[in-house]
Amino acid sequence: MSFGKGCHLHLIDGSAYIFRAYHALPPLTRKSDGLPIGAVAGFCNMLWSQLANNKGKDGPTHIACVFDYSSKTFRDDIYDKYKANRPELPEDLRPQFPLTREATKAFSVACLEMENYEADDIIATLARQAREAGGDVTIISSDKDLMQLVGGGVEMFDAMKNKRIGIDEVEEKFGVKPDRVIDVQALAGDSVDNVPGAPGIGVKTAALLINEFGDLETLLERAEEIKQPKRRQALIDNAELIRVSKRLVTLDDHTPVEWSLDELEVKEPEAESLMEFLARMEFRTLTKRVADALKVEPPVTPDAPAVPVSHEKDEAPVEVDVPPFDHGKYECIRAAEALGRWIDLIRERGYVAVDTETTSLDEMLAELVGISLSVIPGEACYIPLGHRRGDGDLFGASEPAEGQMALDEALALLKPVLEDDAILKIGQNMKYDWKIFARHGVRIAPIDDTMLMSYAMYSGLHNHGMDGLSDRYLGHRPIEIKSLLGTGKSQITFDRVPIDEAVKYAAEDADITLRLWQAFKPNLHRAQVTTVYETLERPMVEVLAGMEMTGILVDAQTLSRMSNAFAQKMAGLEAEIQELAGAPFNVGSPKQLGEILFEKMGIQGGQKGKTGAYATGADVLEDLAAEGHDLPARVLDWRLLSKLKSTYTDALQNHVHPETGRVHTSYSIAGAATGRLASTDPNLQNIPVRSEEGRRIREAFVAGPGMRLVSLDYSQIELRILAHVADIPELKEAFREGIDIHALTASEMFNVPVEGMDPMVRRQAKAINFGVIYGISGFGLARNLRIPRAEAQGFIDRYFERFPGIKDYMDTTVAFAKENGFVRTLFGRKIHTPEINAKGPHAGFARRAAINAPIQGAAADVIRRAMIRMPAATRGLPAKMLLQVHDELLFEVEEGAVDKLIATAREVMEGAAHPAVHLNVPLVVDAGQGANWAEAH
DNA sequence: TGCGTCACG
DNA sequence: GACGTACGTGACGCAC
């Protein structure tokens, strides 16, 4: 077919694909020889998705994938510093380049590259030719340098965000139509590509100027007319540099391409050569997926998938030989005899992967439906115990399904195994199963947990859910639970799943867990996180399971009364607000509120966010209230009450367990990258305390009859850890002497005595101390203290001058992260920082996170150690640990034992770092007690 | 489902 | 007057 009207050309920005793939994936190597292939794998997946998603009549008629040939191009002759800021190519990426070309050809996509030209120029040229021939063009890329090409039948498509980029989107980004984009880029320059532009002019200002003067040449000729002196001078002084910049950013759409559009016609991939390539790369999952789509048999491949390697330098990947997944091999156990054979097998092996199926994600409400076991990869069984026939009546009641062992009988047989010290029970998220078994009188131990192994090795790189781990590390996508239960209103519970289907799903989970364990176990050591896993992760399972099952007593009546009071107050405020607005509207809608404030009432200074809605955050409303506007002040009051009511007084009532009368949160051990816990369903780590009204909610968290609540919290733990790791003599001294640390900081910085310090000065020093922990920036501190940015920067400079060790610590930490891709806490916990070497705004986030992680993480490690020791230390005391709130532990204890508990728990907490780490600052714990949490805190 | 908002350390 | 920033979480209501 000759290219012309009705044709549609897809141009893929291949080089961008490679870099995205490289950075998005952990470093993978080919199993047989260790060749790095992560980027190739990602590239192939993206290319295949692109092809597969664009089949049919709306798809392309012609397609090509375009690459950069080498770093040298004609632009280097225009400006010798062009792209001089580019970081060195990572060592393990370069060898993957030729393979991506090979991959492109294997998928039967034209592979284009030209010496001396960037991919962007080739794309520009082909796009122009296609447009002139009357066809349409889609450029698969989100690169802003290509946006100048949009319009007249050419658009872009951001494959990551699945979003087309047309004229409107370009205008949104650059503030001008696509044909003026190069003018804006020439003025604004680009630090990544080292395009100079005009100093002090960014995209916003550039767009303003271009829109005012029409185009760049006119602007430069009439630069004298610009009102702002700085801008005027910048343009006059740099006119030549700006013209050079324009030549740099202008794509050459007349490159001497040697291909005709007709040659780019879409072709079906040749199955045989494509299969050969994918098999040679050892991409198991993709090979299978492509084979299915092409309806051919996948070639026989080595079974093990690419093996992940951590960033640690001295480790080698561990290879595991495993059979393919086969759901047909899973056994359904319906009688004691068959179960007995499995138990024999487990005893022979000494370990078993276990998984439970239940009716709910809430372990306190869930009913046990079945148990699956696996001891050999590829072989697993499922024991259905609580399945029901699908034909229940309207109320959901129905008879048990046939062919199941009695629950008690099965548990009686399994209990000795599950409790046997000599048999390791392996699970994924074992805290869940631990609680389910505990509710049936089985104390499962000892355990290993693949989720926690992944967390110890890969925290910060990805999540640790089983499906994701299986896909990533076993190259296998498990059966989705959705396919059994459905979603939304018609969703069923697991006990309604037909046993035949349940076997495949449930046994597969045990199979996967066992395989993950085999893959992870030896790598813990290589990643040097064995101690972290053994001392900070695994022991948490039992401790937290106990706390969660105990729960905390909540007085629902108090909450209900508060809800009613809030509702009344809110109704009054709502009436006042609508009166002030002069129209009824939904006070809870930020969108409607913004329109009332900044349009109907005509208040000036409304800022629109990226979604086009006005910002109405508390800071904005506070400013307006300070200017004397009543309505925003009322809205702030209303919002406080609305938050308290919906999130706390209303929602908490629904979390009171029908049998225990207590609230049972669930802690995720592997949720936060830094090692902190996270509390969900409900979140009991964010119960209000800062506002007076909010704090009253804590009055509803009460001790049982004859009991008291005791709260112990670490004082300034993060600053103490900072003083230790950054080794700051003045701070360490102050902590040893028990001096007010914020006052000390202020004193050192501003040369004022600690005695009789102005509270405002102390407040500023406190903000700086917090800022340091967060990876301080002038902007952030300025916003927090509501002072000019220059002043904030002045504070920071003085702080670093006074405490140079802090600056050193920050620089060293960031350098370590850049070198290794992770940081470590004092206790060895690894937190990966994959974005640390990124360019653009990501880099700032990653930098600050890297500075914060070792401090926040070490504090998290300390309290974990305390929690793990607590059961043994408090054995015999009539006390239970109920909650953890990052630096606080809450206990419920019999009245007579309060003092003893405080003494014991304080000793454990203050000494929690020992003996692993000898802190050279003391840890101090404050304690309180009362009938409810408000009093105890 | 994504976003804005706001509760906590 | 370049860009966009304090770190880490979870839950709610709105609007699509």
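Numbered from 1 within each chain, the chains take letters A, B, ... in sequence-line order.
Of the residues A:Glu599, A:Lys591, A:Gln607, A:Glu595, the one that meets the side-chain hydrogen bond (donor to acceptor under 3.5 Å, both in side chains) test with A:Tyr614 is A:Glu599. Test A:Glu693, A:Glu699, A:Glu692 against A:Arg695 for salt bridge (charged side-chain N to carboxylate O under 4.0 Å, His left out) and you get one pass: A:Glu692.
Protein chain A contacts DNA chain B over a range whose 5' and 3' limits, counting nucleotides with an atom under 4.0 angstrom from a non-hydrogen atom, are B:dC3 to B:dG9.
In this structure, A:Ser646 and A:Lys230 both approach DNA chain C, and ranking their closest nucleotides by distance from the 5' end singles out A:Lys230.
Taking the six-membered ring for Trp and thresholds of 30 and 60 degrees, A:Phe816 and A:Phe822 have ring planes more than 60 degrees apart, a perpendicular arrangement.
Taking atom OH on A:Tyr648 and atom P on C:dG13, their separation rounds to 13 Å, with Å as the unit. Spacing between atom CH2 of A:Trp638 and atom P of C:dC12 amounts to 15 Å, rounded to whole angstrom units. Atom-to-atom, NZ of A:Lys645 to C1' of C:dA11 comes out at 15 Å; the value is rounded to the nearest Å.
Legend: residues meeting side-chain hydrogen bond (donor to acceptor under 3.5 Å, both in side chains) with A:Lys608, ordered by chain and number and at least two apart, are absent. Listed by chain and residue number, nothing satisfies the ring-ring contact (aromatic ring centres under 6.0 Å, His included) test with A:Phe566 (two or more places apart in sequence, or in another chain). When the side-chain hydrogen bond (donor to acceptor under 3.5 Å, both in side chains) test is applied to A:Thr205, no partner is found at least two apart in sequence or on another chain. Not counting sequence neighbours, the partners of A:Arg639 by the side-chain hydrogen bond (donor to acceptor under 3.5 Å, both in side chains) test are A:Thr616. Residues forming a side-chain hydrogen bond (donor to acceptor under 3.5 Å, both in side chains) with A:Ser668 (at least two apart in sequence, or on another chain): none. Looking at residues two or more places apart in sequence or on another chain, you find a side chain to side chain contact (heavy atoms under 4.5 Å, CB included) between A:Glu622 and A:Ala618, A:Leu636, A:Arg786.
Within the structure, side chain to side chain donor-acceptor pair (under 3.5 Å) contacts touching residues 787-797 of chain A (residues at least two apart or in different chains) are A:Gln793-A:Asp797. Among pairs with a residue in residues 844-863 of chain A, those fulfilling side chain to side chain donor-acceptor pair (under 3.5 Å) read A:Thr674-A:Gln856, A:Thr825-A:Asp861, A:Arg829-A:Asp861, A:Asn852-A:Gln856, at least two apart in sequence or across chains.
A:Ala618 comes within contact range of the sugar-phosphate backbone alone, with a heavy-atom separation under 4.0 Å but no base atom that close. Looking at heavy-atom distances under 4.0 Å, A:Arg690 makes contact with a base. As judged by a 4.0 angstrom heavy-atom cut-off over every strand, A:Ala860 is placed among residues making no nucleic acid contact. In this structure, A:Leu644 reaches neither bases nor backbone, as no heavy-atom distance under 4.0 Å exists between it and the strands shown. Using a 4.0 Å heavy-atom criterion, one finds that A:Glu888 contacts no nucleic acid atom at all.
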Assess the residue pair A:Asn769 and A:Gln716 against the criterion (side-chain hydrogen bond (donor to acceptor under 3.5 Å, both in side chains)); give the C-alpha distance rounded to whole Å, side-chain angles, the decisive distance to 0.1 Å, and a yes or no.
CA-CA 10 Å; A:Asn769 278 332; A:Gln716 310 285 6; over 6 Å; no
Could you go through the salt bridge (Lys or Arg N to Asp or Glu O under 4.0 Å) check for A:Asp637 and A:Arg634 one step at a time?
CA-CA 5 Å; A:Asp637 293 343; A:Arg634 298 279 190 284; 5.3 Å; no
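For C:dC3, the O4'-C1' to base torsion is within 90° of 0; the nucleotide is therefore syn.
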Letter by letter from the 5' end, nucleotides 2-9 of chain C scores (B base, S sugar-phosphate only, - none; protein heavy atoms under 4.0 Å) SSBBBBBS
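Rounded to whole Å, the separation between the C1' atoms of B:dA7 and C:dG4 comes to 25 Å. Taking atom P on both C:dT5 and B:dG4, the two are 11 Å apart, rounded to the nearest angstrom.
Taking a 4.0 Å limit (strictly below) on heavy-atom distances, residues 712-725 of chain A does not reach DNA chain B anywhere.
Counting only Watson-Crick and G-U wobble pairs whose two distances sit under 3.5 Å, DNA chain C takes part in these stems of three or more pairs: B:1-9 with C:7-15.
Across all their heavy atoms, A:Trp933 and A:Leu709 have their closest contact at N-CD1, 3.5 Å.
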